[in-house]
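Heads up, the thing below is written out as structure tokens.
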Amino acid sequence: MATVLVTGGAGYIGSHTCVALLEAGYEVAVLDSLANSSAASIDAVGEIAGRRPRLHIADCRDESSLETVLAEVRPDAVLHFAGLKSVPDSVADPLRYYRHNLDSAAVLLAAMERNGIRQIVFSSSATVYGLPDELPVSETATTRPANPYGWTKLLIEQMIADLVRADPRWSAALLRYFNPVGAHPSGLIGEDPEGIPGNLMPYLLQVAVGRHPHLPLYGTDYPTPDGTAVRDYIHVMDLADGHLAALEHLRSSSGQTHTYNLGTGQGVSVLEVVSAMREATGHPLPHEELDRRPGDVPELWADPGQALKELGWSASRTLADMCRDAWAWQSTHPQGFRGGKA
Ligand code: NAD
Ligand code: WQD
């Protein structure tokens, strides 16, 4: 069975994907600096899957550590999740974001090339589309990132596509995630943001466990049915399954770069998420109506048809599943991994 290296595998999406990879029979090794995660997530992955991936604590930008890890693990493919992901932080400190994300990718790809490992699955983002011309958004839509974080994703996509063009022994899948939410249904792993969450679902979950009095609701005057912004929320385990499908597809994709939207194709408003979370948590989840958050687009949802056509993948979990599973995690880990189990 194939061996894979998962960079950023201790993080939110990486850890859930590790579970899916282990359950599908892959040998899994993780490389993570633990800059935004905890080794406890890897222990929990082992508990769920019955096999613990080996964790190499290292930074993707560190060439000699990468060399050692690749020589030891000898992966057939790499899934590259490692990177910084905060939109506001990237606006405040763009150079840090460009250096961190671009260097991580470039140093990793060069080390893979030296070691003859030429299959890569990259975590891109729907943020590359910026304000879309039409909905749903397909992979051929114009890309126009509205912030430095989004630009790092688009530039890394370009870097990978150029590499594949230059050497057809390479193959790549660029996965543009929409809004990943939820957790493994066991409640043993989940999203564990440092500080005050910037994203909707983690904020709501922290209101439900009493860490904040109410949700700040950004914008009630959008041209949408209920006035709040619309997004394509996707269960993180559906996303994990999408990685497996992409990885399988790479085996027969020499010389090709595939780009796939990973979303459900369904738009859901902020108020619809609040109402589904109320149902799942039994908490009233009060909110305070505020102005729009600068940089937010009114509506964004995917055309996920390409992934269905080429990978046979589509999301199957509902908004109620996302809320139930996220609550299974947050209610048992009110302070995340750092606080231990409640
Ligand atoms: P996360 O922060 O939970 O996970 C990222 C992991 O990478 C962390 O464990 C962190 O410690 C590690 N890391 C960061 N820089 C590193 C480096 N240089 N070397 C080694 N390890 C490093 O984030 P996530 O939500 O799991 O996101 C994973 C990937 O998916 C990121 O690339 C992110 O940009 C992308 N993405 C996330 C979302 C989202 O909403 N969560 C949406 C679209 C794309
Ligand atoms: C969703 C909606 C907010 C928090 C971000 C990144 C994107 C991608 C996914 C990485 C918006 C509203 C939010 C709150 C609120 N990440 N909201 N109160 O902005 O669609 O996407 O995460 O690639 O790049 O930009 O997700 O969860 O932050 O916001 O009212 O406290 O919820 O205004 O309308 P977003 P989000």
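One-based numbering, in listed order, for ligands and for the atoms of each. Here, residue 1 is the first one in the sequence, and each next residue gets the next number.
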Give the atom numbers and elements of ligand 1 that come within less than 4.0 Å of a heavy atom of [X].
X	value
L34	11 (O)
S104	18 (N)
S37	8 (C), 9 (O), 11 (O)
S123	29 (C), 30 (O), 32 (O), 35 (C)
Y149	33 (C), 34 (O), 35 (C), 36 (N), 44 (C)

Less than 4.0 Å between a side-chain N and a carboxylate O, is that true for [Y] and [X]?
X	Y	result
E194	R338	yes
D93	R99	no
E113	R118	yes
R317	D238	yes
R231	E299	no

Looking only at distances, can you tell me whether any N or O atom of [X], backbone or side chain, sits closer than 3.5 Å to an N or O atom of ligand 1?
X	result
K153	yes
A35	yes
A82	no
S124	no
P180	no
S125	no
A10	no
E191	no

Should D32 be listed as contacting ligand 1, given a heavy-atom distance under 4.0 Å as the test?
yes
Run the contact test for A58 against ligand 1 with a 4.0 Å cut-off on heavy atoms, strictly below, and give the result.
yes
Donor on one side chain, acceptor on other, [X] and [Y], under 3.5 Å:
X	Y	answer
S124	E157	yes
H184	D325	no
H80	S123	no
E67	N115	yes
E310	Y260	yes
W170	Q119	no

What residue and atom, counting heavy atoms only, is the protein's closest point to [atom], and at what distance?
atom	value
atom 29 (O) of ligand 2	R293 NH2, 3.4 Å
atom 6 (C) of ligand 2	V87 CG2, 4.0 Å
atom 30 (O) of ligand 2	Y218 N, 3.0 Å
atom 8 (C) of ligand 2	S125 OG, 4.1 Å
atom 24 (O) of ligand 2	T127 CB, 3.2 Å
atom 12 (C) of ligand 2	V270 CG2, 3.9 Å
atom 20 (O) of ligand 2	R231 NE, 2.5 Å
atom 18 (N) of ligand 1	D59 OD1, 3.0 Å
atom 26 (O) of ligand 1	I13 N, 2.8 Å
atom 36 (P) of ligand 2	N199 ND2, 3.5 Å
atom 25 (O) of ligand 1	K85 NZ, 2.8 Å
atom 29 (C) of ligand 1	F81 O, 3.2 Å

ILVMFWY network linking L102 to I120, side-chain heavy atoms under 4.5 angstrom:
yes
Test ring pair (Phe, Tyr, Trp, His ring centres under 6.0 Å) applied to H287 and Y203, step by step:
CA-CA 11 Å; H287 62 258; Y203 203 107; over 10 Å; no
The one among [options] that brings a heavy atom closest to [atom]:
atom	options	result
atom 20 (C) of ligand 1	A126, S15, S33	S33
atom 34 (O) of ligand 2	G150, P180, G295, A229	A229
atom 19 (N) of ligand 1	G8, S38, S86, C60	C60

Residue portion contacting ligand 2 (non-hydrogen atoms closer than 4.0 Å) for [X]:
X	value
L200	both
L300	neither
Y149	side chain
Y233	side chain

Would you say ligand 2 has an N or O under 3.5 Å from any N or O of [X]?
X	value
K85	no
N179	yes
P216	yes

Looking at G198, which atoms of ligand 2 are within less than 4.0 Å of one of its heavy atoms?
4 (C), 28 (O)
T143: side-chain hydrogen bond (donor to acceptor under 3.5 Å, both in side chains) partners, not counting sequence neighbours:
none
Sorted by chain and number, sequence neighbours left out, side-chain hydrogen bond (donor to acceptor under 3.5 Å, both in side chains) with T152 holds for N101
Report the residue from N261, V181, T264 that forms a side chain to side chain contact (heavy atoms under 4.5 Å, CB included) with I234.
T264
